[in-house]
Amino acid sequence: MALVVIKLKYLCEMLEILYQDQYVVAINKPRDLLVHKSFIASDIQEYAVQLLRDQIGQYVYPVHRLDRKTSGVLLFALDKEVLKQLNAIFATRQVEKKYLAIVRGYTVDEETIDYALTNDSGQVQEAKTYYKTLERVEVAIPFGKHATSRYSLVEAYPETGRQHQLRKHFKHIFHPILGSRPHGCNKQNKLWLDQFGLTAMLLHAVALTFEHPVTKEQIHLTATLDEQYELYNAHLGFNLQAYYKK
């Protein structure tokens with residue numbers, strides 16, 4: 001019987017805490033880290049809920065979710081009553097979520113994508129995403145019959161919170177997020193893998209703004225970009241520093 005070794009990537013690392021008080025805590029979630037246990041990835045032995053609990057020495061309750069491949073701001077409640085209050089705030093869309101993504105092609109200056117999505121249970125749900133284009137680049141990376149490739153740096157604000165909403169919405173408008181699987185461009189993903197050895201999905205939850213359920217303060221959290229953006233951007237040349245800290 002073969003011995004299966006699962007590399008525990010984060011056990012020796014401290015999660016980056018963006019904000020903490022006696023009611024809530026927020027981290028900059030690394031990409032490839034699950035938020036919590038999942039039957040889909042039952043072989044994974046570490047996840048954000050467990051790691052953060054062990055790091056701060058108390059139970060934590062995730063208020064929202066980020067895909068495994070998505071990095072950025074992730075908020076937790078520190079007790080169930082605060083969780084209930086935050087759930088109500090999120091359910092009534094009294095929060096602003098801001099994401100950064102790099103997508104294939106030239107997107108328009110700004111647009112609202114109003115396109116319903118079907119969840120895993122077959123239920124059709126309304127879904128809206130507003131985005132604006134920050135920069136566009138054309139780089140000397142041959143793709144298919146084209147001598148160059150075009151990409152856009154976008155800032156996206158989901159008005160609803162459907163599963164894989166941003167990935168599905170940008171694919172719907174034919175500007176898939178670079179590195180996204182399965183809601184991406186397989187040929188583009190293969191291009192970056194073959195030429196540069198890069199596979200990360202370039203979607204980052206860069207900011208979260210909400211009213212604190214207890215203190216009533218306006219909380220604005222931001223999360224810096226990880227090294228994967230820098231590796232891709234060495235070939236793309238976006239002026240990321242003009243918009244976000246690295």
Side-chain angles (χ1 to χ4, degrees), residues 9 16 27-35 48 64-74 97-111 113 129-143 146 148-158 161-208 221-246:
K9 182 178 180 182
E16 180 188 357
I27 66 169
N28 185 357
K29 185 188 85 67
R31 68 179 70 248
D32 296 322
L33 180 65
L34 287 169
V35 175
H64 60 120
R65 304 290 188 269
L66 291 179
D67 293 344
R68 180 177 179 179
K69 298 294 183 181
T70 303
S71 55
V73 181
L74 183 62
K97 302 175 186 176
K98 180 165 71 174
Y99 288 77
L100 178 76
I102 294 176
V103 303
R104 184 192 69 188
Y106 282 180
T107 49
V108 300
D109 288 347
E110 59 181 304
E111 179 181 15
I113 306 168
T129 300
Y130 166 77
Y131 77 88
K132 63 181 179 180
T133 302
L134 301 175
E135 287 187 29
R136 303 178 185 90
V137 297
E138 183 171 10
V139 292
I141 301 176
F143 179 63
H146 303 288
T148 61
S149 297
R150 293 178 172 183
Y151 301 95
S152 298
L153 176 68
V154 301
E155 197 172 70
Y157 300 81
R162 310 309 180 196
Q163 185 178 33
H164 299 165
Q165 177 173 317
L166 295 180
R167 296 161 67 179
K168 291 178 178 179
H169 270 179
F170 280 107
K171 182 179 181 181
H172 174 68
I173 63 170
F174 305 106
H175 294 292
I177 296 172
L178 197 55
S180 175
R181 298 171 183 82
H183 310 292
C185 175
N186 291 334
K187 292 181 179 180
Q188 275 284 316
N189 294 341
K190 187 175 186 303
L191 171 70
W192 282 85
L193 172 61
D194 291 347
Q195 291 204 23
F196 309 112
L198 297 173
T199 61
M201 181 176 69
L202 298 186
L203 178 63
H204 180 71
V206 73
L208 179 68
L221 306 175
T222 60
T224 56
L225 303 175
D226 68 14
E227 73 285 349
Q228 290 298 318
Y229 271 85
E230 297 182 26
L231 293 174
Y232 275 89
N233 203 48
H235 307 285
L236 294 170
F238 287 117
N239 187 16
L240 294 177
Q241 191 64 31
Y243 307 101
Y244 306 100
K245 296 179 180 179
K246 295 183 181 180

Those residues at least two apart in sequence (or on a different chain) that pass side-chain contact (heavy atoms from CB on, under 4.5 Å) with Arg162 are Arg93, Leu117, Gln125, Glu126, Ala127, Thr160, Gln165
Q. Under a 4.5 Å cut-off applied to non-hydrogen side-chain atoms, are Glu155 and Lys98 in contact?
A. yes
dist Leu240:CG -> Leu134:CG (nearest 0.5 Å) comes out at 9.5 Å
Can you confirm whether Tyr106 is buried at OH, in the sense that more than 12 heavy atoms of other residues, nucleotides or ligands lie under 6.0 Å from that atom? yes
Taken to the nearest 0.5 Å, the spacing of Thr70 OG1 from His204 NE2 works out to 10.5 Å
Taken to the nearest 0.5 Å, the spacing of Ser71 OG from Met201 CE works out to 8.0 Å
- Task: Keeping the roles fixed (side chain from Arg65, backbone from Gln163), state whether a donor-acceptor pair exists under 3.5 Å.
- Result: no
Note: Leu225 and Leu100 closest approach over all heavy atoms is CD2-CD2, 3.6 Å
#### Entry: Side-chain touch Gln228/Leu198, heavy atoms, less than 4.5 angstrom
yes
- [ ] May I ask you to decide if Ile141's main-chain N or O and Ser149's side chain share a donor-acceptor pair within less than 3.5 Å?
- [x] yes
dist Arg167:CZ -> Thr129:OG1 (nearest 0.5 Å) comes out at 13.5 Å
- request: Evaluate the criterion side chain to side chain contact (heavy atoms under 4.5 Å, CB included) for residue pair Tyr151 and Phe238; output intermediate values, then yes/no.
  value: CA-CA 10 Å; Tyr151 301 95; Phe238 287 117; 4.2 Å; yes
Separation between NZ (Lys168) and CG (Leu166), nearest 0.5 Å, reads 11.5 Å
### Query
Do side-chain atoms of Asp226 reach the backbone of Pro30 as a donor and acceptor pair under 3.5 angstrom?
no
Full working for side chain to side chain contact (heavy atoms under 4.5 Å, CB included) between His175 and Val154: CA-CA 11 Å; His175 294 292; Val154 301; over 6 Å; no
On a heavy-atom basis, the closest approach of Leu66 and Ala205 is CD2-CB, 3.9 Å
Is there a side-chain contact between Val139 and His235, using heavy atoms and a 4.5 Å cut-off? no
When every non-hydrogen atom of Pro142 is compared with those of Gln195, the smallest separation belongs to O-NE2, 4.2 Å
I'd like to know if the side chain of Glu135 and the backbone of Asn239 have a donor-acceptor N/O pair within less than 3.5 Å. yes
(request) Could you tell me whether Lys69 and Asp32 have a side-chain N and a carboxylate O separated by less than 4.0 Å? (result) yes
dist Leu178:CG -> Ser152:OG (nearest 0.5 Å) comes out at 11.5 Å
Taken in chain and number order and not counting sequence neighbours, the residues that satisfy ring-ring contact (aromatic ring centres under 6.0 Å, His included) with Phe170 are Tyr131
Note: Arg136-Asp109 ion pair, threshold 4.0 Å (strictly below): yes
Heavy-atom closest pair (Lys29 atom, Leu33 atom, distance to 0.1 Å) is NZ-O, 2.8 Å
N/O donor-acceptor pair under 3.5 Å between Asn189 side chain and Gly179 backbone
yes
Taken in chain and number order and not counting sequence neighbours, the residues that satisfy ring-ring contact (aromatic ring centres under 6.0 Å, His included) with Tyr232 are Trp192
Q) Is it true that a side-chain atom of Lys171 and a backbone atom of Ile177 form a donor plus acceptor pair closer than 3.5 Å? A) no
